[in-house]
Amino acid sequence: MSKNILITGGAGFIGSHVVKLFVEKYPDYQIINLDALTYAGNLENLKEVENSPNYTFVKVDIQDAEKLDEVFKTHQITDVIHLAAESHVDRSISDPLAFVKTNVFGTVNLLNAAKKAWAEKLDEHLFYHVSTDEVYGSLHDGGFFLETTAYDPQSPYSASKAASDHFVRVYANTYKMRTVISNCSNNYGPNHFPEKLIPLCINNIKNMKPLPVYGKGENVRDWLFVKDHARAIDTVFHKGNAGETYNIGGFNEWKNIDIVRLLCQKMDEKLGRPSGTSEKLITFVKDRAGHDLRYAIDATKIQKELGWEPSLQFEEGIEITIDWYLANQDWLDHVTSGAYQDYYASHYTE
Ligand SMILES: Cc1cn([C@H]2C[C@H](O)[C@@H](COP(=O)(O)OP(=O)(O)O[C@H]3O[C@H](C)C(=O)[C@H](O)[C@H]3O)O2)c(=O)[nH]c1=O
């Protein structure tokens with residue numbers, strides 16, 4: 001069946017992989033990518049699909065309710081996959097309100113726009129919220145996050161995502177909107193903004209700059225290749241049951257310090273530097289305030305019920321990721337200097 005799917009945050013890291021997958025895999029769907037193009041949204045991520053007949057870009061901030069109404073009307077939106085969000089925990093610690101505005105207020109705006117546009121036929125449409133495992137808080141002694149784990153957010157970022165998850169569920173309960181939520185672990189891969197651990201380290205190793213490891217580097221994250229997350233979103237969108245939550249993860253836990261050492265070793269090999277050169281860049285710095293110790297996802301439900309599982313081993317995914325950053329210096333230059341904004345100006349008119 002033909003659909004007009006609104007994907008929010010489609011110029012961002014995870015969003016751009018989702019947009020590319022949907023545009024290429026589903027030529028019968030119209031994909032409307034709605035993005036505010038903040039510092040982390042870059043249309044260069046979408047070069048491969050920007051001229052596809054089933055792809056449209058609209059520059060809109062989800063805080064703008066009027067524009068959202070217009071987009072739903074103009075493009076006759078049938079379904080939403082909502083990824084637009086402020087995502088960096090460190091930024092949320094210095095500016096919590098920015099996260100409330102986009103992640104909470106923006107999500108409620110979007111829910112309202114969908115509710116209004118879909119009116120009496122709410123049961124014919126789907127609102128899919130893409131969320132994070134951080135809503136479950138921090139694990140201190142073994143165990144995994146299950147879909148039934150109680151929410152216990154510990155940072156302004158995770159509190160804002162938890163609030164937006166709650167609002168999505170409330171719209172299902174109160175207004176009978178068909179909704180689905182997935183909560184995913186840490187992603188890595190091409191197009192990741194170099195403020196996050198893996199791309200930041202790759203970029204700094206390349207430039208022989210210090211690698212800031214928070215605290216002792218003992219914190220644990222579960223890493224998933226971004227294209228596997230995009231495949232999971234495709235699976236949940238098409239096969240997931242309305243009203244359900246699906247945890248997505250790689251069963252791939254790493255201590256931060258081990259990841260950083262692995263990147264140093266691989267980069268030394270690739271750059272032809274003597275072994276041990278990059279490790280000297282490791283610098284232990286002040287810990288993140290309220291730093292969550294460990295995230296670990298139990299992804300059994302999505303594997304068993306929907307048949308999704310990660311396709312890439314971590315070693316393979318990291319190779320692809322490093323090679324991508326080494327081959328895409330222009331992309332790095334553009335996102336770090338702000339010049340990526342020129343791409344929008346030269347390709348689109350307001
Ligand atoms: C940037 C940076 C990070 N770290 C540590 C902090 C974390 O323990 C780990 C990963 O940090 P990062 O900021 O890359 O990602 P998380 O804070 O785990 O959060 C990420 O994964 C979840 C699921 C989301 O939902 C977030 O949106 C996403 O940003 O490395 C350092 O030690 N040094 C650094 O310079």
| Can you tell me how far the OG1 atom of T300 sits from the CD atom of E305, to the nearest 0.5 Å? | 10.5 Å

| query | Distance from I202 atom CD1 to H192 atom NE2, nearest 0.5 Å? | reply | 10.0 Å

| message | Nearest 0.5 Å, please: how far is CZ in R169 from OG1 in T174? | response | 13.0 Å

| task | Please report the shortest heavy-atom distance between G143 and A296, naming the atom on each side. | result | O-CB, 4.1 Å

| E124 bridged to R178 by N-O distance under 4.0 Å | no

| request: Decide, yes or no, whether a salt bridge links D234 with K25 under the criterion of side-chain N to carboxylate O below 4.0 Å. | output: yes

| query | Is M208 close to T277 at the side-chain level, that is, under 4.5 Å between some pair of heavy atoms? | reply | yes

| note | Taking every heavy atom of A162 against every heavy atom of P153, the minimum-distance pair comes out as CB-CG, 3.9 Å

| message | Is it the case that the side chain of R231 and the backbone of E309 share a donor-acceptor pair, with hydrogens and angles ignored and the cut-off at 3.5 Å? | response | yes

| message | Taking the six-membered ring for Trp, are Y151 and H166 closer than 6.0 Å centroid to centroid? | response | yes

| Under a 4.5 Å side-chain heavy-atom rule over Ile, Leu, Val, Met, Phe, Trp and Tyr, are L68 and V100 clustered together? | yes

| query | Would you say E24 has more than 12 foreign heavy atoms packed within less than 6.0 Å of its CD? | reply | yes

| Backbone of L312 reached by a side-chain donor or acceptor of D228 within 3.5 Å | yes

| Any L21 side-chain heavy atom under 4.5 Å of V18 side chain | no

| query | Does E48 pair with K20 as a salt bridge, N-O distance under 4.0 Å? | reply | yes

| remark: Heavy atoms of V260 and C201 approach each other most closely as CG2-SG, 4.0 Å

| task | Measure up the Y29 and Y26 rings against each other and bin them: parallel (under 30°), tilted (30 to 60°), perpendicular (over 60°). | result | parallel

| message | What verdict does the side chain to side chain contact (heavy atoms under 4.5 Å, CB included) test give for L326 and M267, after you've listed the backbone C-alpha separation in whole Å, the side-chain angles of each residue and the deciding distance to 0.1 Å? | response | CA-CA 10 Å; L326 291 177; M267 293 283 286; 4.2 Å; yes

| query | If you look at every heavy atom in S278 and L211, which pair is closest and at what distance? | reply | O-CD1, 4.1 Å

| task | Assess the pair Y171 and F127: is the distance between their ring centroids shorter than 6.0 Å? | result | no

| note | For G10 and L46, the nearest pair of non-hydrogen atoms, with its separation, is O-CD1, 3.3 Å

| Side-chain donor-acceptor contact under 3.5 Å, D333 with W331 | no

| request: Measure up the F144 and F251 rings against each other and bin them: parallel (under 30°), tilted (30 to 60°), perpendicular (over 60°). | output: perpendicular

| task | Please test S311 against K227 for side-chain hydrogen bond (donor to acceptor under 3.5 Å, both in side chains), starting from the C-alpha separation and ending with a verdict. | result | CA-CA 9 Å; S311 68; K227 290 189 192 216; over 6 Å; no

| message | Is it the case that the side chain of H75 and the backbone of T56 share a donor-acceptor pair, with hydrogens and angles ignored and the cut-off at 3.5 Å? | response | no

| said: Please evaluate residues K239 and W308 with respect to the criterion side chain to side chain contact (heavy atoms under 4.5 Å, CB included), reporting the C-alpha separation (whole Å), side-chain torsions for both, the decisive distance (0.1 Å), and the verdict. | reply: CA-CA 10 Å; K239 296 191 193 162; W308 170 89; over 6 Å; no

| Any side-chain donor paired with an acceptor under 3.5 Å for D28 and S2? | no

| request: State whether F284 and K216 meet the cation-pi test: NZ (Lys) or CZ (Arg) under 6.0 Å from the six-membered ring centroid, and within 45° of the perpendicular axis. | output: no

| So F22 and F237, would you call those rings parallel, tilted or perpendicular, with 30° and 60° as cut-offs? | perpendicular

| note | Taken to the nearest 0.5 Å, the spacing of K206 NZ from R273 CZ works out to 10.0 Å

| query | Is there side-chain contact between I198 and W223, with heavy atoms separated by less than 4.5 Å? | reply | yes

| query | Is it the case that Y128 and S182 place a side-chain donor and acceptor less than 3.5 Å from each other? | reply | yes

| Hydrophobic cluster membership, F167 vs V135, 4.5 Å side-chain cutoff | no

| task | Would you name the heavy atoms of V226 and G189 that are closest together and state the gap between them? | result | CG1-CA, 4.1 Å

| request: Would you please test H334 and D330 for side-chain hydrogen bond (donor to acceptor under 3.5 Å, both in side chains) and show each step? | output: CA-CA 6 Å; H334 293 170; D330 281 2; 5.4 Å; no

| task | Please tell me if the side chains of I62 and V60 come closer than 4.5 Å, counting only heavy atoms from C-beta onward. | result | no

| said: For the backbone of A36 and the side chain of D61, can you confirm whether one donor and one acceptor N or O come within less than 3.5 Å of each other? | reply: no

| Sub-3.5 Å donor-acceptor pair from the side chain of T8 to the main-chain atoms of L83, do we have one? | yes

| Is the side chain of N328 donor-acceptor paired with the backbone N or O of W324 at a distance under 3.5 Å, no angle test? | yes

| task | For T102 and F99, indicate whether the former's side chain and the latter's backbone hold a donor-acceptor pair under 3.5 Å. | result | no

| Row check, Y214 ring normal vs R288 NZ/CZ: under 6.0 Å, within 45° | no

| message | Suppose we call two aromatic rings close when their centres sit under 6.0 Å apart. Are F314 and F225 close by that rule? | response | no

| query | Do L43 and V23 sit in the same hydrophobic cluster, where Ile, Leu, Val, Met, Phe, Trp and Tyr count as joined when their side-chain heavy atoms come under 4.5 Å apart? | reply | yes

| query | K301 versus E244: any side-chain heavy-atom pair under 4.5 Å? | reply | yes

| Crowded around K73 NZ? As in, over 12 foreign heavy atoms under 6.0 Å? | no

| task | Could you walk me through whether N4 and T78 pass side-chain hydrogen bond (donor to acceptor under 3.5 Å, both in side chains), step by step? | result | CA-CA 5 Å; N4 301 329; T78 57; 5.5 Å; no

| field | Audit row: S131, D165, side-chain hydrogen bond (donor to acceptor under 3.5 Å, both in side chains) steps and yes/no | value | CA-CA 7 Å; S131 190; D165 283 359; 3.0 Å; yes

| request: Check for a donor-acceptor pair, side chain of Q329 on one end and backbone N or O of A327 on the other, with a separation under 3.5 Å. | output: no

| Electrostatic pair K101-E86, nearest N-O below 4.0 angstrom | no

| message | Is it the case that the side chain of Y157 and the backbone of P96 share a donor-acceptor pair, with hydrogens and angles ignored and the cut-off at 3.5 Å? | response | no

| request: Kindly say whether H229 contributes a backbone atom to a donor-acceptor pair with the side chain of N187 at under 3.5 angstrom? | output: no

| query | Taking the side chain as C-beta and beyond, is there a heavy-atom pair between N33 and Y55 under 4.5 Å? | reply | yes

| Any ion pair linking K161 and E134 (charged N to carboxylate O, less than 4.0 Å)? | no

| query | Are F145 and D298 close enough that some pair of their side-chain heavy atoms sits under 4.5 Å apart? | reply | no

| said: Testing the 3.5 Å rule here: is there a donor-acceptor pair between the side chains of H82 and T107? | reply: yes

| Has K176 got more than 12 heavy atoms of other residues, nucleotides or ligands less than 6.0 Å from its NZ? | yes

| Quick one: do the D292 and Y295 side chains pair a donor with an acceptor below 3.5 Å? | yes

| query | Side chains of P212 and L200: does their closest heavy-atom pair fall under 4.5 Å? | reply | yes

| Is it true that the side chains of Y136 and N247 contain a donor and an acceptor less than 3.5 Å apart? | yes

| field | Modelled atom types, side-chain donor and acceptor of D222 and N252, under 3.5 Å | value | no

